[in-house]
Amino acid sequence: MKINEEKKEDIIIASISGEINIDTSPELRKAFDQYTDQGIKKVIIDCQNLAYIDSSGLATLIELLQRLKKENGELKICNLAEKVKSVFEVTKLDKLFDICLNQEQAVERFK
Amino acid sequence: MIVDKEIKLFPQEVPQLVEKILKKLKNSGIKEDVLFDLKLALNEALINAIKHGNNLDSRKSVFLKIIKKKDKLEICIEDKGKGFDHKNLKLPTVKNNLTKQSGRGVFLIKKFMDKLDFFEGGCKLKMIKYLNKGE
């Protein structure tokens with residue numbers, strides 16, 4: 001798993017490639033810790049190159065969402081590939097997360 | 001028989017093993033979208049067996065068998081734990097459970113495989129994926 005971070009004004013865009021699984025989730029959690037420690041309240045997770053997510057990956061994203069909400073922050077997820085999207089859909093987490101088509105839509109929804 | 005293995009691993013080592021198994025499955029002609037489903041089910045089931053079944057006891061093994069038949073793949077996983085109440089699992093998709101950190105593993109297996117049965121009080125599972133659906 002690789003995380004490529006980009007800052008656009010007060011929004012952090014984390015583009016994740018590879019897999020979020022039980023082995024890589026701790027690394028992702030570390031990155032999320034930094035965002036919340038730095039007081040970042042707007043986070044976009046770009047999943048264009050995310051090939052796989054399992055239940056531990058979903059749990060890590062839920063944890064970030066809850067932490068951001070606690071600080072009145074927001075999380076958007078975008079560019080989900082079909083199979084990864086199906087994991088969000090069957091678990092109904094597409095209702096919990098704000099799923100956007102692409103980065104542009106995600107940025108727009110922060111306004 | 002594609003795999004017949006006794007496993008002693010930490011949960012975080014499971015994805016690497018599953019990747020090796022997937023290569024074998026890919027070489028046997030299974031399609032990409034089916035491989036995703038098998039990967040998810042194998043990871044969730046093996047991690048559950050090690051974490052919840054064997055309670056992370058490194059002395060205990062998990063047994064994995066994968067058999068490819070003409071139109072289906074059968075996967076059997078057995079742990080050395082005490083079993084669990086698989087008939088009364090909480091539904092992770094109801095509103096109150098949506099933000100829970102755990103409890104999605106078995107649900108995901110059910111959704112991404114075609115059949116899932118538990119035996120011996122939950123210590124053993126058999127899951128089936130049909131390979132030629134929609135053809």
Side-chain angles (χ1 to χ4, degrees), chain A residues 1-2 16-30 32-33 36 47-75 77 80-99, chain B residues 7 9-23 26 30-52 56 62 89-114 116 129:
Chain A
M1 182 196 68
K2 276 187 183 164
I16 302 171
S17 54
E19 302 188 0
I20 312 178
N21 59 34
I22 194 161
D23 186 34
T24 60
S25 283
E27 194 187 329
L28 188 61
R29 192 172 291 112
K30 253 190 212 171
F32 292 165
D33 282 346
T36 45
C47 300
Q48 188 163 27
N49 296 309
L50 182 70
Y52 175 83
I53 189 163
D54 69 4
S55 63
S56 68
L58 294 174
T60 308
L61 293 177
I62 292 168
E63 193 184 319
L64 174 66
L65 177 72
Q66 287 179 312
R67 283 166 67 177
L68 285 168
K69 274 188 175 172
K70 218 173 163 185
E71 304 293 329
N72 293 317
E74 283 179 73
L75 171 68
I77 295 174
L80 287 173
E82 197 187 329
K83 272 291 183 183
V84 176
K85 195 177 178 188
S86 71
V87 179
F88 282 82
E89 286 170 347
V90 300
T91 52
K92 302 271 187 251
L93 290 175
D94 58 333
K95 310 281 179 240
L96 182 73
F97 292 104
D98 190 1
I99 309 279
Chain B
I7 296 161
L9 290 175
F10 292 108
Q12 63 270 25
E13 294 170 324
V14 169
Q16 216 177 338
L17 169 73
V18 171
E19 218 47 59
K20 283 182 192 163
I21 294 168
L22 281 180
K23 270 186 193 160
K26 196 176 180 177
I30 296 175
K31 286 181 269 175
E32 281 298 329
D33 59 332
V34 177
L35 285 174
F36 182 98
D37 301 351
L38 294 170
K39 179 176 179 166
L40 189 59
L42 272 168
N43 271 307
E44 297 293 345
L46 286 170
I47 290 164
N48 272 353
I50 294 165
K51 222 171 157 179
H52 306 300
L56 297 172
V62 169
L89 290 172
K90 285 179 185 162
L91 198 60
T93 51
V94 298
K95 207 181 169 189
N96 286 346
N97 294 337
L98 270 188
T99 54
K100 293 232 165 99
Q101 299 278 318
S102 58
R104 291 184 183 85
V106 173
F107 180 82
L108 283 170
I109 297 169
K110 280 182 187 165
K111 290 288 178 184
F112 283 82
M113 296 297 280
D114 294 309
L116 171 67
K129 186 78 181 173

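Please read all numbers here as calculations on a predicted model, not as lab measurements. Below, chains carry the letters A, B, ... as their sequence lines are ordered, and counting in each starts from 1.
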Query raised in the report: Is there a side-chain contact between B/Leu17 and B/Leu9 (heavy atoms, below 4.5 Å)?
Result: yes
Query raised in the report: Can you find a heavy atom in the side chain of A/Ser25 that is under 4.5 Å from one in the side chain of A/Ile20?
Result: yes
Report task. Please state whether the side chain, the backbone, both or neither of B/Leu98 comes within less than 4.5 Å of a heavy atom of chain A. Result -> both
Query - salt_bridge(A/Glu63, A/Arg67) N-O dist < 4.0 Å - result: yes
Requested in this report: Please answer whether the main-chain N or O of A/Asn21 pairs with a side-chain N or O of A/Thr24 as donor and acceptor at a distance below 3.5 Å.
Outcome: yes
Requested in this report: Below 4.5 Å from any heavy atom of chain A, which atoms of B/Glu19 appear? Answer side chain, backbone, both or neither.
Outcome: side chain
Report task. Return the option, out of B/Gln16, B/Glu44, B/Lys111, with the maximum number of heavy-atom pairs under 4.5 Å with chain A. Result -> B/Glu44
Requested in this report: Give, as side chain, backbone, both or neither, the part of B/Phe112 having an atom under 4.5 angstrom from any heavy atom of chain A.
Outcome: side chain
Report task. Could you tell me whether the side chain of B/Asn43 and the main chain of B/Lys39 form a donor-acceptor pair under 3.5 Å? Result -> yes
**Report entry** Residue part contacting chain A, namely of B/Gln101, when any heavy atom lies under 4.5 Å
**Finding:** both
Query raised in the report: Under a 4.5 Å heavy-atom cut-off, does chain A meet the side chain of B/Leu108, its backbone, both or neither?
Result: side chain
Requested in this report: Heavy atoms only, distances under 4.5 angstrom: which of A/Leu96, A/Leu93, A/Val84, A/Leu65 has the most pairs with chain B? Name it, please.
Outcome: A/Leu93
**Report entry** Minimum side-chain heavy-atom gap B/Val34-B/Lys129 below 4.5 Å
**Finding:** yes
Query raised in the report: Tell me, side chain or backbone of A/Gln66 under 4.5 Å from chain B's heavy atoms, or both, or neither?
Result: side chain
**Report entry** Side chain, backbone, both or neither of A/Glu82 within contact of chain B (heavy atoms, under 4.5 Å)
**Finding:** neither
Query raised in the report: For A/Ser86, is it the side chain, the backbone, both, or neither that has a heavy atom closer than 4.5 Å to a heavy atom of chain B?
Result: both
Query raised in the report: Checking A/Ile53 against chain B: side chain, backbone, both or neither under 4.5 Å from a heavy atom?
Result: backbone
Query raised in the report: Salt bridge check: are B/Arg104 and A/Asp54 linked by an N-O gap of less than 4.0 Å?
Result: no
Query raised in the report: Below 4.0 angstrom, N of the basic side chain to O of the carboxylate: do A/Lys85 and A/Asp94 qualify?
Result: no
Query - Portion of B/Lys95 that has a non-hydrogen atom of chain A nearer than 4.5 angstrom - result: neither
